[in-house]
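Structure incoming, see below.
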Amino acid sequence: MRWTKAFIPTLKETPADAEITSHKLLLRAGLVRKLAGGLYTFLPLGLRVLRKVEQIVREEMDRTGALEVLMPALQPPEIWRQSGRYETAADVLFKVRDRAKKEWIMSPTAEEVITTVAAAEINSYRQMPVNFYQVCVKFRDELRPRFGLMRAKEFIMKDAYSFDVSDEAAMVSYHKMYDAYKRIFDRCGLQNFPVEADTGVIGGNYSHEFMVPAETGENEVVYCEACGYAANIEKATSGIPKTAPREAGAAAEKFPTPGVVTIDALSKAPYSVPANRQIKTLVFIADSKPLLVLIRGDDQLNETKLVARTGAVQVRPADVKNEADLAHFKSLGAMPGSLGAVANVPSDWTVLADDRLHGANDMTTGANEDGFHLRNVSIERDIKVTKWCDLRTVSAGEPCAKCAKALKIRRAIEVGHVFKLGTKYSEKLNATFLAEDGSRKASFMGCYGIGVTRTLQAIIEQCNDKDGIIWPTLVAPYTVCITPLMVGADTAVMKLAEQIYAELSAKGVDVIIDDRDDRPGVKFKDADLVGFPIRVGIGEKSLANGEVELKRRGGQLVLVKAEDAVAKVLELIASASN
RNA sequence: CGGGGCGUAGCGUAGCCUGGUAGCGCGCUUGUUUCGGGUACAAGAGGUCGUGAGUUCGAAUCUCACCGCCCCGACCA
């Protein structure tokens, strides 16, 4: 490719609406342009990178034996109703109507569609295991698109769906994908690691996310350097000890605490109740039913865990400004800050308590009377807990549950997610088969997603310096950039540049020649900004000695004999490709 | 949806408070110059000042509504 024909609109200045490095570089390097919030056009250079990432994904998926298909972007709402997700995923569904006013859903994912195919076509255990995948545009009605391609209304996803005859077989399929994902992100040049994950609206019981460490990531990951434990903070647990039991004291005793409505205030004089001897009592509304959540005063509730434990579609904190919610507070007898679970809890309320409070006594909690708290509370004795479960958020420094070493927390970008689904979808959409023993069973599914466009941006977020992008060799838009510093057609410099360009092209190398009649500084800056892995510089000075320059992006410049240039470039490429 | 900020040439911005000629840098065009890290000089093109309504003799500037964008939060497969 010739630069003058390639359409690479680089920007010297950063567009005002880009915040994070990778977003700025996407725009500055001329890879994409914004059409509207969360919607981007891939320009030629950006598309080349996208295709290379897709290519890696396809190669590794094919290697596992997965089969590529292509499903419609428009889906009938009926199958979403059948799976139950018409309601549970309603918030992110883009819906359109055709001229007959019939509603359609723009695919955010395709469990329902592929399961419909399986229901019709997979009738025998002999047809499994099988794994179908596709790479296509997905739509999500994001509340707030942001960070360029990271969270967009429309994006490219690779989604795969496996069908197996048993739970054990499904686990084998799951691990095939798990291993393939590791290879895919490695080949993309990304530092990445899998973490245990919550399953969210997708459902299922076993799940990992693939994370790329980055300060700008939207996820927090808890990890242990000693034993390798790693989990999304939404899922993570630690080996932190339960609340130390004390000698069982006298009966719970009410005492006045006028105006004290925070853990912090109660921990100060004259009350001086340390936060770790307090019980925080929170009211939530789970599918319109009230719910009490008890958690230790010095702990933070993890709402993802709460949603998972309740199994409810919608869980939200009760709000005193909401009249229906206010009635719930009134039935308890107090407003937030004086709430407790010892007395006045209506019998039909669910009380969820965090495991860390198990067996705790000598605790202080709200008395369900404004301006009063209770001390000497023993949870077992004084509170009727419906269900004990893990509800707290892990903090850095807590002991690892596996090896007791201190846990760390870092931010990361989620680029892939694998789920073991069980029979959730196959049962609802009747994807059953005849087993070897003649019985009819629902197939055991897994689903596996990779955010392809997000992966592309994650690469930029991780691979850059002050001058621009530093593309990993396998995903660079062009592997080699030839930079002649004198473009006159009959100059020795240009003749050599053209010759090297032709030879590398003939060898199948993705090469671009910067044939612009521009100053050297402009060409160097642009080459660095776009981030080609290898640059071949050809100028009068070095050519006078029969030499050309070889420079790896971000590396040292080396002089090589002009006649060796092609061979040296091929060597560099070979050593970089994995 | 709540809070905050912004909208002036392709990009980045000044002007707005205190109403009266729309300015600068980059980019673009032409010419000269220069030629190893975003050359220099000269000439030039390019603007419904987000949209609509209002106040006023007069609105980029003041008022109201709407639209769009960015950030924080809520949400997130």
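Below, chains carry the letters A, B, ... as their sequence lines are ordered, and counting in each starts from 1.
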**Message:** It should be established whether A/Arg316 places a side-chain nitrogen or oxygen under 4.0 Å from OP1 or OP2 of nucleotide B/C75.
**Reply:**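 For B/C75, OP1/OP2 do not have a side-chain N/O of A/Arg316 under 4.0 Å.
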**Message:** Is A/Lys12 close enough to B/G27 that one of its side-chain N or O atoms is under 4.0 Å from OP1 or OP2 there?
**Reply:**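 Looking at the OP1 and OP2 atoms of B/G27, one of them is under 4.0 Å from a side-chain N or O of A/Lys12.
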**Message:** Heavy atoms only, 4.0 Å cut-off, all strands: where does A/Lys34 land among base, sugar-phosphate and nothing?
**Reply:**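 Touches sugar-phosphate only.
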**Asked** Heavy atoms under 4.0 Å, any strand shown: does A/Asp518 hit a base, just sugar-phosphate, or nothing?
**Response**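 Answer is nothing: A/Asp518 stays at 4.0 Å or more from every strand.
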**Prompt:** Is the backbone N or O of A/Val487 less than 3.5 Å from a side-chain atom of A/Asp515, with the two atoms forming a donor-acceptor pair by type?
**Reply:**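 No, because the side chain of A/Asp515 does not come within donor-acceptor range (under 3.5 Å) of the backbone of A/Val487.
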**Request:** May I ask you to say what A/Arg28 touches in the nucleic acid, namely base, sugar-phosphate or nothing, with a heavy-atom cut-off under 4.0 Å?
**Result:**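 Base, at least one base heavy atom under 4.0 Å.
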**Asked** Any N or O donor-acceptor pair linking the side chain of A/Glu13 to the base of B/G25 at under 3.5 Å?
**Response**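 Such a pair is found, so the answer is yes.
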**Message:** Mind checking if A/Ala89 touches a base, just sugar-phosphate, or nothing, with heavy atoms under 4.0 Å?
**Reply:**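 Base contact.
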**Message:** Let's see if you can work this out: which of B/C72, B/A77, B/G37 has an atom nearest to the side-chain heavy atoms of A/Asp528?
**Reply:**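 The closest nucleotide is B/G37.
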**Message:** Categorize A/Pro108 for me: base, sugar-phosphate, or nothing, with a 4.0 angstrom heavy-atom threshold over every strand shown.
**Reply:**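 Here A/Pro108 touches the bases of the nucleic acid.
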**Sugar-phosphate, base or nothing in reach of A/Tyr448, heavy atoms under 4.0 Å** =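 Answer is nothing: A/Tyr448 stays at 4.0 Å or more from every strand.
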**Message:** Once you apply a heavy-atom cut-off of 4.0 Å, does A/Arg535 come out as touching a base, just sugar-phosphate, or nothing?
**Reply:**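 The residue A/Arg535 makes base contact.
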**Asked** Are A/Lys176 and A/Tyr448 in a cation-pi setup, meaning NZ or CZ lies under 6.0 angstrom from the ring centre and within 45 degrees of the ring axis?
**Response**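 No, a cation-pi geometry is absent between A/Lys176 and A/Tyr448.
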**Message:** On the nucleotide B/G38, are OP1 or OP2 found under 4.0 Å from the side-chain N or O atoms that A/Arg519 carries?
**Reply:**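 It does not, given that no N or O in the side chain of A/Arg519 lies less than 4.0 Å from OP1 or OP2 of B/G38.
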**Prompt:** Is it true that A/Asp299 and A/Lys280 have a side-chain N and a carboxylate O under 4.0 angstrom from each other?
**Reply:**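 Not counted as a salt bridge, because no side-chain N and carboxylate O are separated by less than 4.0 Å.
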**Request:** Remember a base hit wins even if backbone is also touched, and classify A/Glu549 as base, sugar-phosphate or nothing at under 4.0 Å, heavy atoms.
**Result:**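 It contacts base atoms.
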**Prompt:** A/Tyr40 vs A/His23 aromatic rings, parallel, tilted or perpendicular, using cut-offs 30° and 60°?
**Reply:**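 Correct class here is perpendicular.
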**Message:** For a quick test of reading the model: is some side-chain N or O of A/Arg144 closer than 4.0 Å to OP1 or OP2 of B/C71?
**Reply:**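 For A/Arg144, the contact criterion (side-chain N or O under 4.0 Å from OP1 or OP2 of B/C71) is met.
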